[in-house]
Visitor: 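Structure in C-alpha cells, see below.
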Amino acid sequence: MPNGQKEQFPVPKHIAIIMDGNGRWAQKRGLPRNAGHRQGAKVLENICDYCQKIGVRYVTAYAFSTENWKRPQAEVDTIMDLLRNYLKEASKQTRRNVRLLFLGDRTPLAGDIRQLMDQAERESAGNTGITVCMAINYGGRAEIVHSARSLARLAAQGRLDPDRIDESLFAQYLYTKEMPSPDLLIRPSGELRISNFLLWQLAYTEFVFMDVLWPDFTPSHLDQAIAQYAKRNRRFGGI
Ligand code: FPP
C-alpha cells in the first residue's frame, strides 16, 4: 500500500472488475490465448489479496459471461479448468478469512464444478474478511429476467401481490442479494463498455476504464483507479 493511502483516499467498499485483455496479452507475446487466461487468474488472486489489505470489503470479478460459450471449446475448457483449480484450492482462501460467492446460472456447468462451488460457499460462509464474488456464466440481462420470472411465479401462485414489487424486493431476487452495489467498476484493456455485467447493480457506480491489459494489472493500477474514484463527486441523483 502506498504511504498513507488509507488516510488520503476513501477506499471503495465494493469493487467490480471486468478482467479484459487476456487474449491480446498472450497474442502480443506470441503465446496461445489460454496463457493470457492463466496469467489473468494469477493476477485476480494477487489483486484480491491487495484489496483485502487496503480494506475493500467486496470484489466482484467477471470470469465467464453467458456469451463466452461462443468461444472455441478449448478456450472454454481452459477457463473452466482455471475455475476448477481455484475451487480446489478454495481452502487457501478460507484460511485467509475470505468469503467466496458465485453469481450466475450454474445449471450448464460441469457437476464437479457445481459441487465445488457449493462447498466453497458453504465452507467460507462464516468468514468475515473480504468477500470475493466470481461471476460465472453470468449475464446482467439474464439475471434481471431470472428475478422477474421468480416474482411472476410467486404472483401467479397467489403468494405475492404485484403491487408489493418495488426496487428493494426485486433486488432480493438477484444473484447479488447479499451484497451492496459496487462503488467502483474497473475495466482494463481500453474497451469502453460494460458488456452485460451487473446491469442493475451499476446504476450509480463510478466507472474507471484503463489502458492496461488485465494480465499486466498490478496493485499500483488499482491505486490509480481508487485515486480517480476518490476525486469523483457521487450524488446518487441528488445535487
Ligand atoms: C476477457 O479477456 C476475459 C475472459 C473472457 C475470461 C476471464 C477469465 C479469467 C481471467 C480466468 C478466470 C479465473 C478464475 C480463477 C476462474 P479476452 O479473452 O476477451 O481478451 P481479449 O479481448 O484481449 O481477447
Side-chain angles (χ1 to χ4, degrees), residues 15-52 58-94 96 98-106 108-110 112-121 123-124 130-140 142 175 185-198 209-219 221-222:
I15 299 182
I17 305 175
I18 301 181
M19 304 184 285
D20 195 15
N22 297 345
R24 278 165 282 169
W25 181 89
Q27 229 164 6
K28 264 176 46 184
R29 286 165 176 73
L31 297 169
R33 291 177 55 81
N34 288 339
H37 295 314
R38 261 182 230 110
Q39 184 58 26
K42 283 188 201 151
V43 167
L44 176 63
E45 277 207 57
N46 188 27
I47 291 299
C48 288
D49 286 352
Y50 184 68
C51 281
Q52 181 159 28
Y58 298 85
V59 171
T60 300
Y62 208 1
F64 194 84
S65 77
T66 44
E67 287 71 37
N68 286 153
W69 297 106
K70 293 183 216 150
R71 295 191 175 209
Q73 191 58 44
E75 186 167 338
V76 171
D77 290 345
T78 298
I79 298 176
M80 291 299 157
D81 277 342
L82 287 168
L83 174 62
R84 210 174 251 116
N85 290 343
Y86 181 85
L87 290 167
K88 283 183 183 156
E89 291 181 1
S91 52
K92 205 166 79 182
Q93 309 295 335
T94 310
R96 288 191 198 137
V98 173
R99 181 165 69 130
L100 292 172
L101 288 178
F102 301 93
L103 311 180
D105 176 9
R106 301 181 194 190
L109 302 179
D112 67 318
I113 291 188
R114 289 165 58 177
Q115 264 180 16
L116 286 164
M117 279 174 156
D118 290 346
Q119 188 183 333
E121 281 184 340
E123 288 176 0
S124 69
I130 193 169
T131 297
V132 172
C133 185
M134 204 91 78
I136 312 275
N137 191 33
Y138 174 86
Y175 295 126
L185 169 81
I186 302 173
R187 181 169 193 155
S189 97
E191 308 290 352
L192 306 178
R193 52 178 176 267
I194 57 170
S195 302
N196 203 15
F197 191 40
L198 302 175
F209 296 100
M210 302 178 87
D211 261 334
V212 58
L213 301 172
W214 174 250
D216 286 327
F217 198 91
T218 62
H221 293 107
L222 192 87

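Computed from a predicted model, the values in this text were never measured in an experiment. Ligands are counted one by one from 1 in listed order, and the atoms in each one are counted from 1 as well.
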Visitor: Taking all non-hydrogen atoms of both residues into account, name the closest pair between Phe217 and Val43 and its distance.
Guide: O-CG1, 3.4 Å

Visitor: In Å, rounded to the nearest 0.5 Å, how long is the span from CZ of Arg71 to NE2 of His37?
Guide: 5.5 Å

Visitor: Ring-plane angle category for Tyr62 and Phe197, please: parallel below 30°, perpendicular beyond 60°, tilted otherwise.
Guide: parallel

Visitor: Look at Asp216 together with Arg29 and state whether they make a salt bridge at an N to O cut-off of under 4.0 Å.
Guide: yes

Visitor: At what distance, to the nearest 0.5 angstrom, does CG of Leu82 lie from CG of Asn22?
Guide: 9.5 Å

Visitor: Which protein residues come within less than 4.0 angstrom of ligand 1, counting heavy atoms only?
Guide: Met19, Asp20, Gly21, Asn22, Gly23, Arg24, Arg33, His37, Gly40, Ala41, Ala63, Asn68, Arg71, Ile79, Leu83, Tyr86

Visitor: Can you name the side chain to side chain donor-acceptor pair (under 3.5 Å) partners of Ser195, sequence neighbours left out?
Guide: Arg187

